[in-house]
Protein chains: 2
Amino acid sequence: MSAGPLPTIHEVARLAGVSVATVSKTLNRSGKVSELLQARVNAAARKLGYAPHASARSLRSGATRILGLLVADLANPYFLKLVESIEWLSSAAGYSVILCNSAEDPGREERHLAMLLSQRADGVIVIPTRRGWSGRQAALADLPMPGILVDRRIEGLDLDSVTTDNVALGRLAAEHLDDLGHRRIAVIMGSPEHQIARHRLDGLRSGLASRGITLDERLIEKDNFSEAAGHAAAMRLLRHAQRPTAIFATNNHLSLGLLRAIAESGLTIPDDLSVIAVDEPPWAGLVRPGMTIVTQPSEAIAQTTVSTLLSRVSEGRSGVEGEARSIQLQPALVVRGSTAAVRT
Amino acid sequence: MSAGPLPTIHEVARLAGVSVATVSKTLNRSGKVSELLQARVNAAARKLGYAPHASARSLRSGATRILGLLVADLANPYFLKLVESIEWLSSAAGYSVILCNSAEDPGREERHLAMLLSQRADGVIVIPTRRGWSGRQAALADLPMPGILVDRRIEGLDLDSVTTDNVALGRLAAEHLDDLGHRRIAVIMGSPEHQIARHRLDGLRSGLASRGITLDERLIEKDNFSEAAGHAAAMRLLRHAQRPTAIFATNNHLSLGLLRAIAESGLTIPDDLSVIAVDEPPWAGLVRPGMTIVTQPSEAIAQTTVSTLLSRVSEGRSGVEGEARSIQLQPALVVRGSTAAVRT
DNA sequence: CTGTTAGCGCTTTCAC
DNA sequence: GTGAAAGCGCTAACAG
């Protein structure tokens, strides 16, 4: 908050006694410049505290080295982990990240997308909001820059995407619970309209079915994905005439609500009931004797996302309708103490 | 990922049958343009899907409408809340946010700062890393755009800042614990070199002193601020010959470690000991019967930060050494069940 | 190797 | 009210 206007490439050139072209070539390591002049240019640039003007550079070169990251819900620890990894990887690759939180609001999402377009981000990473996409797919499909969907897909939109195999995730939970002998299995699934929730439930159901077990449809709690909804659903389940022996909560908010309900009810995990959740939130360590979870490979998802997007970026607009890649990564089961063999 | 090059202002002008100047004036509501032409311009712009090129605009106008947000530790729920609020407020004010996570690494922080300078962000919000600032204050002081420090101050740096009154915070905890009759009070303070930790401890100590109580220095656990450190410190305290009757953990990571240690030890809150923490992490609801906390006013801090910064931005470079404002906001005590009267 | 020069797309005087 | 024209700082041909 002190110095006047910033030095431009011209002042560096003057101080170094060379032309602006030489400065540009030196600083960008493009074209040939003699050692001597390079040294003089670098010295001059350092002395003046020269920082190239990104806007000017972008205007001329057509690339901003900015990535847009549009997140449906920053408050979800799983998405936060994704954001951290993506920011890390992008910055390692020389890209800055404009972070936008749509907070599950399609209106905000749309405005943010327009802004990223104006900024001419080189690529856009989107964890889309759950609702509001019907009829709005064009907003993404018509984007002039490469875009990629993470975690959630949008029906009817042909765009690169990186997601977890959510059917496999449900199946993993099913097999684990069956191995422990559970039969009265409840699910807090969130909204039945949401694809991911459906896939996880389908996986659970089919996993159980392949072991000859039928999921009791009355033990499937449907509502939204909030912590409050998870808590309410859990309360209903815990008061059931025949309380379930195991509960599967399909996302972080829901499982937090579930755990709170159990704590309030004074029940003990896993003696009174088993709990299996998705993802590893920071508070997993508070559950004694440890949370059994099905994890999504967030690290790998972030890596795949960034590298896929950046490869599209360097392909240039050329990817001429090269059909969309949709990559699915596999979840893993982590068995800890919150699930136990059912009481006989 | 379909259309070719984006339309420029010239194509809008041609389609509307006006000059580029008229388009610019219309779209920016600057200067006078007749209703008729405005309508034609807007129609043409919509038809072409015109989105002004932010780089070109910035280059010309000298403002980017971008704010840099440099965060020391995204994984801390308190900072995350700050980030969410800041992003929200900024975008409401028409600014985009470039998010940078330094992850407590001064090297990353420095590179990010250089990048924000190159991007010519209109202003920079910094939650600085804990270490590595000695001798590097110039990096911030010499920034050509307004900057503001949040949550943490940097010694010897005269820059706007918005922080919590951490001495008051410690005092709040002291008074509450004294009211409940606690005398053997332990503190998990984090690093003693860190100003915030010292202030909170000082507040606790002086708050107790003013009630005639002396803080037992042997019950002050010093280390770093990680969850692991919190856990280890808690374990030492719980094994103490005379176990403390209350423990004060001074940040989110530390209190998570503390709670985990208590859970593992099979102790009950608040029967076996009282716990008071800082901030409200998402998992606070898991602690029965509720967590007693001292909260920082994150909402107000975010608001003050953004409005102070934006007012500096509009002042222009003019603020000519207008001395730095350092704003302190007051914490609040929220009493719930994790603290109780000491057993007599 | 090095320098000159023509814009990138936009805003902003300044004439009309 | 409206338009013509001059750059903002930089890169990329192109000449030397």
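Because the structure is a prediction, the values reported are computed rather than measured. Protein chains get the first letters and strands the later ones, always in sequence-line order, with residue 1 at the start of each.
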CH2 (B:Trp133) with more than 12 external heavy atoms under 6.0 Å
yes
Of A:Arg108, A:Glu109, A:Glu104, which meets side chain to side chain donor-acceptor pair (under 3.5 Å) against A:Thr129?
A:Glu109
What is the distance from [atom1] of [X] to [atom2] of [N], rounded to the nearest Å?
X	N	atom1	atom2	value
A:Arg29	D:dA12	CZ	P	15 Å
A:Arg14	C:dT2	CZ	P	20 Å
A:Leu27	D:dG9	CG	P	16 Å

At under 4.0 Å, does any side-chain N or O of B:Ser19 touch on OP1 or OP2 of D:dT2?
no
Is there any protein nitrogen or oxygen under 3.5 Å from a nitrogen or oxygen in nucleotides 7-11 of chain C, and what are the pairs?
| residue | atom | partner | partner atom | Å |
| --- | --- | --- | --- | --- |
| C:dG7 | N2 | A:Arg60 | NH1 | 3.1 |
| C:dC8 | O2 | A:Arg60 | N | 3.4 |
| C:dG9 | N2 | B:Ala56 | O | 3.3 |
| C:dC10 | OP1 | B:Tyr50 | OH | 2.4 |
| C:dC10 | OP1 | B:His53 | N | 3.1 |
| C:dC10 | OP2 | B:Ile9 | N | 2.4 |
| C:dT11 | OP1 | B:Asn28 | ND2 | 3.2 |
| C:dT11 | OP1 | B:Arg57 | NE | 3.3 |
| C:dT11 | OP2 | B:Ser24 | OG | 3.0 |
| C:dT11 | O2 | B:Arg60 | NH1 | 2.7 |

Kindly give the heavy-atom pair with the smallest separation between B:Ala93 and B:Arg65, and that separation in Å.
O-NH2, 3.2 Å
Measure the CZ-OG distance between A:Arg57 and A:Ser24 for me, rounded to the nearest 0.5 Å.
7.5 Å
To the nearest 0.5 Å, what is the distance between CG (B:Leu116) and CG (B:Leu69)?
9.0 Å
Test log, rule side chain to side chain contact (heavy atoms under 4.5 Å, CB included), inputs A:Val97 and B:Leu99
CA-CA 6 Å; A:Val97 172; B:Leu99 175 72; 5.7 Å; no
